Amino acid sequence: MKCKVLISALLAGVVLPLGAQETYENTNLLDNDLNGTARYVGMGGALEALGADISTISTNPAGLGLFRHSVANASFGFVSQSDAKEFAPGNTTNMSFDQGGFVYSTRNGAKSYLNFGFNYHKSRNFDWLLDAASSLNNASQNKLTYEKYRNDVFSKDDDASFSQVDNFYMKHLLYNDATKAYYYYPATAYTFNRAQQGYIGEYDFNVSGNLDDRIFLGLTVGVHDVHYRHYSEYTENVTSIGNLTLADSRKITGTGVDVKLGAIFRPMAESPFRIGIYVQTPTWYDLTTKNYTEMTDGSTTAKSSESYDFKVYMPWKFGVSLGHTVGNFLALGATYEFTDITSMDTRINDGDSYYDSWYGTYYQSSSSDDAMNHHTDKNLKGIHTVKLGLEYKPIPTLALRVGYNYISSMFKDGAAKDGTVWSPGTYYASSTDYTNWKDTNRFTLGLGYTIGKFNLDLAYQYTATNGDFFPFQSYTDDKDASDDNIANAVKVSNKRNQLLFTLGYRF
């Protein structure tokens with residue numbers, strides 16, 4: 001049977017030519033954090049129509065077309081998780097360099113400017129901790145593997161649904177040498193801890209300008225640099241065995257590229273009211289993932305590791321924004337974005353390499369992983385984001401800011417990490433847990449002070465998201481309830497505080 005070949009490959013740590021990733025792992029690559037300059041964060045990021053802030057380079061590139069002077073900014077701060085339990089190697093508080101860039105503004109007409117910009121910002125900060133614990137009633141992670149075996153999931157023509165976790169249990173726990181048969185072991189309770197670290201750094205290159213101070217246009221090319229890693233420990237109190245722990249380390253690195261186009265219009269010449277529209281192409285990621293996983297009962301340990309390349313094409317993003325100013329003392333902004341997360345394309349490297357004469361490098365061809373993409377479409381839904389922001393200047397040198405964000409959940413009701421999907425993404429899976437995160441709310445405050453050509457800005461951001469954690473996918477047998485393997489949801493949350501400083505200079 002082919003699963004025996006797969007077991008041998010897993011035990012030997014063989015690197016196979018095909019590779020893909022799983023839906024829930026891919027959602028980590030969504031760069032939906034609110035980050036950038038302290039002014040941008042303090043106003044909730046609602047500057048896509050107001051413009052004149054370097055952070056709009058990664059949302060509405062036309063925002064840089066409103067600059068009339070060259071500027072340079074750098075931002076750094078602290079991120080703290082207020083509801084987390086310490087778990088090495090993670091920390092509840094981390095320092096972060098969040099942004100650095102410049103805009104060079106050139107005048108080429110009475111009312112015409114051509115601007116060039118570059119900006120780095122941390123589009124995703126992975127530093128956070130997750131812990132969960134609950135009881136189990138005649139259920140366990142190894143029973144899920146047993147049910148896959150009992151229902152012949154492993155014994156068909158394609159055994160891509162045989163995961164690294166299945167390998168541990170099939171090879172080292174479920175098989176009884178004396179009876180030459182497989183059995184499962186229920187558990188009474190579990191504990192889970194995970195520490196995530198790393199970031200996605202985005203390097204944006206922009207050209208923008210204006211037509212008669214009524215139409216502003218911009219183009220940004222973004223390069224994304226992924227550095228993700230996590231370490232988790234999942235421990236079950238297994239009947240007749242005791243504590244059984246699955247410790248998993250995973251690392252994802254690689255790069256991606258995307259293009260953003262944007263425009264800002266002033267429909268009425270006598271009014272500062274503005275409308276902004278923008279679109280972002282998919283981020284085309286070329287990535288490598290590595291994992292090292294151990295299963296131990298405290299006396300004996302089984303080990304497994306894998307490394308493979310894969311590609312993911314992230315979804316399109318569309319946005320519209322409104323902005324208005326009152327004199328020189330009040331600015332109001334509102335933005336709506338839609339991300340069609342169901343269009344995320346998980347891809348399989350086909351193993352064929354081609355030479356790119358332009359760059360002098362080789363690249364691998366790939367094709368869509370139809371099975372995993374169907375799983376994505378079944379479990380995810382479009383993301384709606386609303387941003388609101390206000391800036392008030394009681395005196396010309398002092399600015400007070402407030403902002404709010406609402407981000408809808410990307411997970412459908414009943415979404416699950418399906419370990420039976422016939423995909424290399426399932427085959428390479430080294431964990432079974434998943435979390436269905438709900439809506440996200442962000443509240444921001446900020447202030448800014450101008451001293452000559454320098455500006456000092458400070459922002460505070462509070463982000464709160466609740467979710468349902470599952471240690472593994474539940475299984476229900478319609479004929480015999482004793483074969484059910486149910487893991488009830490555990491309520492978890494991610495509450496983060498960010499303090500951000502920006503130093504800017506105008507020249």
Side-chain angles (χ1 to χ4, degrees), residues 22-28 30 32 81-85 87 128-148 163 165-166 169 184-196 230 232-239 243-246 248 341-342 375-383 406-421 426 429-441 463-478 481-496:
E22 190 273 334
T23 295
Y24 278 81
E25 290 286 354
N26 285 340
T27 60
N28 287 319
L30 281 174
N32 58 357
Q81 192 175 348
S82 58
D83 60 341
K85 182 177 70 175
F87 178 67
W128 71 287
L129 302 167
L130 175 66
D131 67 275
S134 183
S135 60
L136 292 169
N137 182 19
N138 195 40
S140 65
Q141 190 182 63
N142 73 80
K143 187 178 179 181
L144 177 62
T145 297
Y146 173 80
E147 294 298 345
K148 290 172 68 175
S163 70
V165 178
D166 295 327
Y169 291 126
Y184 71 85
Y185 295 84
T188 59
Y190 74 86
T191 59
F192 177 86
N193 289 278
R194 172 172 288 149
Q196 287 189 181
H230 77 229
S232 64
E233 292 182 356
Y234 174 70
T235 300
E236 288 183 338
N237 187 349
V238 179
T239 304
N243 288 337
L244 189 63
T245 298
L246 188 71
D248 179 55
I341 185 65
T342 62
H375 177 259
T376 297
D377 184 64
K378 179 182 177 182
N379 290 278
L380 303 186
K381 59 184 178 180
I383 302 172
Y406 167 80
I407 304 97
S408 68
S409 172
M410 72 179 76
F411 299 100
K412 294 180 180 178
D413 293 340
K417 184 176 183 177
D418 190 349
T420 65
V421 176
T426 301
S430 55
S431 61
T432 60
D433 67 277
Y434 61 96
T435 304
N436 291 335
W437 294 106
K438 301 183 184 297
D439 300 343
T440 297
N441 291 277
T463 303
T465 310
N466 296 319
D468 293 327
F469 172 86
F470 298 86
F472 47 78
Q473 177 190 15
S474 293
Y475 169 81
T476 302
D477 192 313
D478 295 333
S482 66
D483 288 324
D484 289 353
N485 195 50
I486 307 298
N488 294 320
V490 173
K491 301 298 182 182
V492 294
S493 64
N494 184 8
K495 296 180 174 64
R496 303 177 73 177

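Since the model is a prediction, treat every value here as computed from it, not as a measurement.
Residues Leu129 and Lys85 have side chains not in contact (no heavy-atom distance under 4.5 Å, counting atoms from C-beta outward). Counting heavy atoms from C-beta outward, Phe87 and Glu233 have side chains that approach closer than 4.5 Å. Residues Asp248 and His230 are in side-chain contact: their nearest non-hydrogen atoms beyond the backbone lie under 4.5 Å apart.
Closest approach of Thr432 to Lys417, counting heavy atoms only: O-CD, 3.9 Å.
Not counting sequence neighbours, the partners of Asp439 by the side-chain hydrogen bond (donor to acceptor under 3.5 Å, both in side chains) test are Tyr406. With sequence neighbours left out, Ala429 forms a side chain to side chain contact (heavy atoms under 4.5 Å, CB included) with Ser163. Under the side chain to side chain contact (heavy atoms under 4.5 Å, CB included) criterion, Asp418 pairs with His375, Thr420, Val421, Gln473, not counting sequence neighbours. Asp433 is linked by a salt bridge (charged side-chain N to carboxylate O under 4.0 Å, His left out) to Arg194, counting only residues two or more places apart in sequence or in another chain. By the side chain to side chain contact (heavy atoms under 4.5 Å, CB included) test, Asn137 is found to be paired with no residue, residues two or more places apart in sequence or in another chain being considered. Glu147 pairs by the side-chain hydrogen bond (donor to acceptor under 3.5 Å, both in side chains) definition with Arg150, not counting sequence neighbours. With sequence neighbours excluded, the residues satisfying ring-ring contact (aromatic ring centres under 6.0 Å, His included) with Tyr234 are Tyr190. For the side chain to side chain contact (heavy atoms under 4.5 Å, CB included) test, residues two or more places apart in sequence or in another chain that qualify with Thr440 are Ile407, Arg442, Thr463, Thr465. Applying the side-chain hydrogen bond (donor to acceptor under 3.5 Å, both in side chains) rule to Lys378 yields no partners; only residues at least two apart in sequence or on another chain are considered. With sequence neighbours left out, the ring-ring contact (aromatic ring centres under 6.0 Å, His included) criterion links Phe192 to Phe469. Contacts of Tyr184 classified as ring-ring contact (aromatic ring centres under 6.0 Å, His included), with partners at least two apart in sequence or in another chain: Tyr146. Take Asn138 and apply the side-chain hydrogen bond (donor to acceptor under 3.5 Å, both in side chains) test, not counting sequence neighbours, and it matches no residue.
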Criterion side chain to side chain contact (heavy atoms under 4.5 Å, CB included) on Tyr434 and Asp468, from CA distance to verdict: CA-CA 8 Å; Tyr434 61 96; Asp468 293 327; over 6 Å; no
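Between Tyr185 and Tyr169, a ring centre-to-centre spacing not shorter than 6.0 Å is recorded.
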